[in-house]
*Asks:* 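First, the structure itself, so that you have it in front of you.
Side chains included, hydrogens not; waters and symmetry mates left out as well; all remaining heavy atoms used. By convention in this document, chain letters (A, B, ...) are assigned in the order of the sequence lines, proteins followed by strands, and residues within each chain are numbered from 1.
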There are 2 protein chains.
Amino acid sequence: MKKVSRQQIDLQVDLKYLEDTLFVISGKWTMKIISALSCGNKRFREIGKAIPDITFRMLSKELQQLEANKLISRTVTTEGRMLIHYEITEYAKTLIPVISEMIKWGKDHRRAYRSV
Amino acid sequence: MKKVSRQQIDLQVDLKYLEDTLFVISGKWTMKIISALSCGNKRFREIGKAIPDITFRMLSKELQQLEANKLISRTVTTEGRMLIHYEITEYAKTLIPVISEMIKWGKDHRRAYRSV
DNA sequence: CAGTATCCCTGTAGATACTG
DNA sequence: CAGTATCTACAGGGATACTG
């Protein structure tokens, strides 16, 4: 029986999981929003200002999407005027290893281009 | 001086690298093609048949893109009729850790949804 | 076999205006 | 403040036909 490398098996069998992950993190603004949130911005317009070129429309939609995916939480505090703040969830923090690997690869990728 | 967690710093500073990586691997067919290649399919139509619903047009375009990104190599062997075969590069294999992390997360993500 | 060219449709995101 | 609604522009991708 031929021994197949683990790499090939992973790629083939688990493609579905890979797609799920890509779906969650590959949006144009997704990671920027998570980044902004993790840097302390919590309010809608605060986040909007922290991310260049994003429109309210997109921010609104992305936040909904992120909330649906349980990556952020939305809290309403009505004390006179409307007060809403967003936070990344503990669950979102499980993405850190994934993101770290991607960043690591991104650095090497860029370096590879320079050296070639 | 306030100690900031490493997680936050990574997210903020290295967003550009993250985007690079996302750009390379987030195409609709990218990972499927790499998967097909890593499973032994090498010829154009072979790959096409191995990936459900992909059109020649898309396969052609994606292969070009992947070649530009040095993730696959294209070899022409003219021995009478046209013979071309594609292979994933050693460079592409450096993506394995990234992909593994993503698959791992994808599994947990799905499980999280089921349990909630 | 190994693609490319063309046409067209649909979805995504921008601009702008408006609401509670 | 915290968004949503509408309209539009543009690009990605599918269908189909064709080429070396």
*Asks:* Tell me, please, which residues at least two apart from A:Glu62 pass salt bridge (Lys or Arg N to Asp or Glu O under 4.0 Å).
*Replies:* none
*Asks:* Both atom distances under 3.5 Å, Watson-Crick or G-U wobble: I'd like the secondary structure of DNA chain D as a dot-bracket string, with | for pairs made across strands.
*Replies:* ||||||||||||||||||||
*Asks:* May I ask you to say what B:Gln64 touches in the nucleic acid, namely base, sugar-phosphate or nothing, with a heavy-atom cut-off under 4.0 Å?
*Replies:* sugar-phosphate
*Asks:* When you measure from the side-chain N and O atoms of B:Arg74 to the phosphate of C:dA2, is any distance below 4.0 Å, counting only OP1 and OP2?
*Replies:* no
*Asks:* Under 3.5 Å between N/O atoms: give me all the protein pairs with nucleotides 12-19 of chain D, atom names plus distance.
*Replies:*
| residue | atom | partner | partner atom | Å |
| --- | --- | --- | --- | --- |
| D:dG13 | N7 | B:Arg57 | NH2 | 2.4 |
| D:dG14 | OP1 | B:Lys28 | NZ | 2.9 |
| D:dG14 | N7 | B:Arg57 | NE | 3.3 |
| D:dG14 | O6 | B:Arg57 | NE | 3.4 |

*Asks:* Just the rounded figure in Å: distance from C1' of C:dA2 to CG of B:Leu83.
*Replies:* 10 Å
*Asks:* Give a yes or no on whether the backbone of B:Met31 and the side-chain of B:Ser35 come within a donor-acceptor separation of less than 3.5 Å.
*Replies:* no
*Asks:* Taking CG from B:Leu59 and C1' from C:dC1, how many angstroms apart are they, rounded to a whole number?
*Replies:* 13 Å
*Asks:* Can you measure B:Tyr86 atom OH to C:dC1 atom P for me and round it to whole angstrom units?
*Replies:* 14 Å
*Asks:* Should the ring pair A:His109 and B:Tyr91 be called parallel, tilted or perpendicular, given that the plane angle runs from 0 to 90° and is split at 30 and 60?
*Replies:* parallel
*Asks:* Tell me whether B:Leu63 shares a hydrophobic cluster with B:Leu83, the cluster being built from Ile, Leu, Val, Met, Phe, Trp, Tyr side chains joined at under 4.5 Å.
*Replies:* no
*Asks:* Taking atom C1' of C:dA2 as reference, at what distance in whole Å does atom CD1 of B:Ile72 sit?
*Replies:* 14 Å
*Asks:* In this structure, how many angstroms lie between the C1' atom of C:dA2 and the CZ atom of B:Phe44, rounded?
*Replies:* 6 Å
*Asks:* Rounded to the Å, how far apart are A:Arg43 CZ and D:dG3 C1'?
*Replies:* 13 Å
*Asks:* Please check the phosphate of D:dA2 (OP1 and OP2 only) for any side-chain N or O of A:Arg45 closer than 4.0 Å.
*Replies:* no
*Asks:* Provide, to the nearest angstrom, the distance between the CE atom belonging to B:Met82 and the P atom belonging to C:dG3.
*Replies:* 7 Å
*Asks:* Between atom CD1 in A:Ile33 and atom C1' in D:dA2, what is the gap in whole Å?
*Replies:* 15 Å
